[in-house]
Novice: 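Below: one structure in structure tokens.
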Amino acid sequence: MVGVKKKMVTLVSSDGVEFVVEKRVAEQSLFIKNALNEGGVEEKVMIPIPKVTSDTLSSVLEYCEKHASATEFQENEIEEWDKEYIEKADLDLLYYLLQASYSMSIMGLMELGAKKVASLIRGKSPQEIRELFNIKNDFTPEQEEEIRREMQWNYE
Amino acid sequence: MGSFLSAPVSKTELLEDSETSQAETCKRLRMMVSCDEDPRLIPSLPDEISLQILARVPRICYLSMKLVSRNWKAAISSNEVYLLRKELGTKGRKKKKMNKKKADGFLEKMKADGWKCWKPNASLNGSNHQSTCDWPKCSYAGFQQIWFAAAMRSPSGRYLVEACGTHRRNWLDIMKLSLNNVVRIP
């Protein structure tokens with residue numbers, strides 16, 4: 001009876017770690033929002049998040065927490081925060097965040113991560129891109145030359 | 001489990017490749033999910049995510065991207081990336097150029113009609129031009145970009161201003177603005 005108690009949800013990462021978060025934070029994920037709507041269960045909800053480890057999930061929830069209270073901030077404040085948040089993620093974490101946001105349907109985070117990786121590709125040579133993502137070059141030198149020539153035609 | 005994994009590995013002849021010995025979880029996952037010979041665009045990510053990434057790289061990088069691998073070349077030439085780009089609005093580049101041209105044309109015409117022109121150092125928000133827009137003479141909005149010419153009144157007289165900048169929703173809601181030209185109205 002002492003004020004309205006915040007609705008909480010428990011998320012369980014793939015390695016079995018439990019995260020208790022406010023419902024409005026968890027609902028930043030459409031996947032969870034739908035799960036909650038379908039379930040219709042009010043109390044003590046446990047939602048397993050498959051394929052997302054506790055390290056990644058805690059980072060994802062950091063994002064959700066900020067964006068759940070986005071209305072309290074100026075738009076450029078959120079933009080600044082997003083920038084800093086994604087800047088400190090290394091490539092491995094970026095991969096995990098992208099996969100998590102994809103499977104959990106968190107569109108904002110997906111957009112943020114995809115843009116960040118796209119910015120890493122920008123301005124790099126083919127070899128640098130291969131090294132960045134660990135991709136094998138399966139062109140023969142002749143084929144490579146042919147593509148270069150083809151592209152040149154397009155620009156002339 | 002070991003035998004299950006070894007089948008696709010030998011099939012794709014990745015065994016000689018020392019890099020695969022890193023055995024990342026993602027790679028293992030990939031082999032369990034798809035046994036086909038095509039490697040992924042970005043080995044650590046599912047292709048649907050990689051395509052989202054590729055669609056967000058500016059077109060000027062396409063030559064480099066096409067030369068990465070056969071897969072990348074096919075993906076970048078694909079309809080899928082084209083449609084994603086369209087959806088994202090990054091294809092608005094062409095449109096933007098046309099609008100800029102129109103705005104430039106308008107300014108040229110004004111100059112030809114005898115407007116005097118001087119280039120200021122001060123920004124629109126600076127002390128020199130704290131006046132508000134009288135009326136927008138023309139405005140062209142492309143994807144998050146805007147070019148416009150407007151008549152402005154300040155204590156020292158009336159000016160025609162040509163500016164370009166980024167906007168949030170429409171030309172009234174401009175976030176960043178750079179002044180290209182200020183024409184003094186005689």
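Per chain, numbering begins at 1; letters A, B, ... match sequence-line order. Quick caveat: nothing in here was measured; it's all calculated off a predicted structure.
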Novice: Mind checking whether A:Leu11 and A:Val17 sit in one hydrophobic cluster, side chains of I, L, V, M, F, W, Y counted as touching below 4.5 Å?
Specialist: yes
Novice: What distance do A:Phe133 atom CZ and B:Trp72 atom CH2 have between them, rounded to the nearest 0.5 Å?
Specialist: 5.0 Å
Novice: Pick from A:Leu91, A:Ile129, A:Leu120: which one has the most heavy-atom pairs with chain B under 4.5 Å?
Specialist: A:Ile129
Novice: Is there a side-chain contact between B:Ile53 and A:Ile121 (heavy atoms, below 4.5 Å)?
Specialist: yes
Novice: Can you spot which of A:Lys116, A:Arg122, A:Lys115 makes a side-chain contact (heavy atoms from CB on, under 4.5 Å) with B:Arg56?
Specialist: A:Lys115
Novice: Can you give me the closest heavy-atom contact between B:Lys66 and A:Phe139, atom names plus distance?
Specialist: O-CE1, 3.5 Å
Novice: Under 6.0 Å from the CD atom of B:Glu80, do we count more than 12 heavy atoms belonging to anything else shown?
Specialist: no
Novice: Using a 3.5 Å distance criterion without hydrogens, assess whether the side chain of B:Glu48 forms a donor-acceptor pair with backbone atoms of A:Tyr102.
Specialist: no
Novice: What pair of heavy atoms forms the shortest contact from B:Ser64 to A:Pro126, and how long is it?
Specialist: O-CG, 3.5 Å
Novice: Within the supplied structure, the quantity of interest is the number of heavy atoms (other residues, nucleotides, ligands) at a distance under 6.0 Å from A:Lys33 NZ; does it exceed 12?
Specialist: no
Novice: Is B:Leu41 close to chain A through its backbone or its side chain, or both, or neither, when contacts mean heavy atoms under 4.5 Å?
Specialist: backbone
Novice: When you measure from the side chain of B:Arg70 to the backbone of A:Asp138, do you find a donor-acceptor pair of N or O atoms at a distance under 3.5 Å?
Specialist: yes
Novice: A:Gln143 versus chain B, heavy atoms under 4.5 Å apart: side chain, backbone, both or neither?
Specialist: side chain
Novice: Do you know which of A:Leu98, A:Asn137, A:Leu132 has the most heavy-atom pairs under 4.5 Å to chain B?
Specialist: A:Leu98
Novice: Find the one option among A:Arg130, A:Glu128, A:Glu144, A:Lys124 whose heavy-atom pairs under 4.5 Å with chain B are most numerous.
Specialist: A:Arg130
Novice: So, taking the atom named CG in B:Leu63 and the one named OG in A:Ser125, what distance separates them when rounded to the nearest 0.5 Å?
Specialist: 11.0 Å
Novice: With side chains defined as the heavy atoms from C-beta onward, is the minimum distance between B:Ile49 and A:Tyr95 less than 4.5 Å?
Specialist: no
Novice: Taking all non-hydrogen atoms of both residues, which atom of A:Gly123 and which atom of B:Cys61 are closest, and how far apart?
Specialist: N-SG, 3.8 Å
Novice: Indicate if A:Val25 and A:Ile78 have the same hydrophobic cluster label, given that clusters are the connected sets of ILVMFWY residues with side-chain heavy-atom separations under 4.5 angstrom.
Specialist: no
